[in-house]
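In what follows, a single structure is set out as structure tokens and then discussed.
Keep in mind that this is a model prediction, so the values were computed, not measured. Values reported hereafter were calculated over all heavy atoms of this structure, with side chains retained and with hydrogens, waters and symmetry mates removed.
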Amino acid sequence: MADKIQMKTPLVEMDGDEMTRILWKMIKDILILPYVDLKTEYYDLGMKHRDDTDDQVTIDSALATKKYGVAVKCATITANAARVKEYNLKKMWASPNGTIRAILDGTVFRKPIMVKGIRPLIPTWEKPITIARHAYGDIYKNTEIRVEGPAKAELVVTGADGKETRRTIMDFQDAGIVQGVYNTDKSISNFARSCFNYALEQKEDLWFATKDTVSKIYDHRFKDIFQAIYDADYKEKFEAAGIEYFYTLIDDVVARVVRSKGGMIWACKNYDGDVMSDMMATAFGSLAMMTSVLVSPDGCYEYEAAHGTVQRHYYRYLKGEKTSTNPVATLFAWTGALRKRGQLDGLTDLADFADRLEKATIQTLEEGIMTGDLVAVSTLPDKKKVNSEEFLEAIRERLEER
């Protein structure tokens with residue numbers, strides 16, 4: 001191409017782990033750097049560097065996102081006991097996603113990428129279903145205790161004046177477990193506004209559900225805050241846009257979603273969203289075919305892949321093998337970030353480039369050139385399995401045509 005597309009403001013670039021780290025570099029080298037004069041503020045969120053910095057690098061990357069407004073993140077390892085031993089870590093560090101989400105206090109929107117030849121497992125789904133996940137509090141910031149024998153567990157809240165409010169959780173006659181979770185009105189309000197704004201932007205109905213009939217204070221608070229904000233600030237806007245806000249119990253929403261044609265945004269509490277986004281990705285075809293963006297209430301965006309680091313493929317890569325690892329979700333994290341950076345900075349050519357790159361990717365898939373995971377589920381009559389690098393080169397050929 002002629003001159004590269006210029007950028008004004010850097011993206012925050014968060015590198016990651018294992019096979020997705022390899023794909024990260026491939027995507028940049030083959031599909032971005034030849035066309036864009038890429039400006040990023042780079043943070044290495046690889047497991048070893050997080051350990052070396054006592055996880056300060058993760059905090060710094062989140063603060064940089066608040067500064068620059070747009071970030072793109074590679075998949076990272078969340079350490080367990082096996083990983084602590086494998087990487088010789090100082091400790092079992094917290095999930096980097098959890099750390100970043102807590103600092104940004106955002107909502108994660110995950111949406112499947114639909115292409116010809118990959119049919120959803122639910123035959124009625126004609127349009128993608130977006131999961132909006134509240135990415136704050138609940139069991140991801142829980143406090144829990146193993147009860148070894150007979151004991152009384154209490155919930156105690158001590159006010160600023162020293163006054164205590166107590167509720168008995170359980171009189172244990174035997175061993176057991178107890179857990180405390182929390183959320184804040186501010187974070188729930190931010191979650192609600194992010195969902196309402198995203199629905200207006202996408203011009204799609206918003207569904208929300210909890211189990212308020214059982215959790216009459218905790219879940220009911222979510223319901224009440226959503227309704228109050230909708231009535232005060234969004235009802236007229238939704239009506240003018242011709243879209244609907246719909247609340248019901250979560251078990252009812254599950255049944256409705258399965259019977260639906262898709263095309264809505266389904267707002268979920270943190271744990272519900274974690275589970276349902278993976279279910280939705282699988283039902284639509286593949287975890288590697290889902291976009292994911294964290295939107296904060298102050299207008300920051302962090303784009304990422306919705307899957308893990310593809311550990312099994314990484315071990316094969318280390319042996320010198322070529323792997324057919326699907327890079328689409330990671331690629332769409334880059335295109336999402338580049339598009340948003342272009343929109344915020346008024347760079348039409350940068351946003352248009354992201355659009356063309358996504359279209360070239362979908363064209364490649366619909367012409368039957370794909371990685372092994374998609375070959376297994378595609379109904380196209382003519383399919384060709386390629387390795388990751390070959391797939392990215394095929395996208396580049398179609399991008400050049402555009």
Looking only at side chains, do [X] and [Y] share a donor and an acceptor under 3.5 Å apart?
| X | Y | result |
| --- | --- | --- |
| Asp274 | Tyr140 | yes |
| Thr335 | Glu358 | yes |
| His134 | Ser187 | yes |

Ring centroid separation Tyr303 to Phe332 under 6.0 Å: no
Between [Y] and [X], is there a salt bridge with N-O shorter than 4.0 Å?
| X | Y | value |
| --- | --- | --- |
| Glu366 | Arg398 | no |
| Glu390 | Lys322 | no |
| Asp37 | Lys39 | yes |
| Asp54 | Lys91 | no |
| Arg356 | Glu401 | no |
| Asp355 | Lys359 | no |

Backbone of Tyr182 reached by a side-chain donor or acceptor of Tyr218 within 3.5 Å: yes
N/O donor-acceptor pair under 3.5 Å between Arg50 side chain and Ile77 backbone: yes
Would you call the rings of [X] and [Y] parallel, tilted or perpendicular, taking 30° and 60° as the class edges?
| X | Y | value |
| --- | --- | --- |
| Phe208 | Phe222 | tilted |
| Tyr314 | Tyr317 | parallel |
| Phe238 | Tyr230 | perpendicular |

Single hit among Asp212, Asp185, Thr210, Thr184 for side chain to side chain donor-acceptor pair (under 3.5 Å) with Arg221: Asp185
Any side-chain heavy-atom pair of Tyr43 and Lys73 under 4.5 Å: no
Note, Val386 side chain near Glu393 side chain (heavy atom, < 4.5 Å):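 No, every pair of side-chain atoms sits at 4.5 Å or beyond.
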Side chain to side chain contact (heavy atoms under 4.5 Å, CB included) between Asn270 and Arg101, intermediate numbers included: CA-CA 11 Å; Asn270 206 345; Arg101 290 166 187 168; 5.7 Å; no
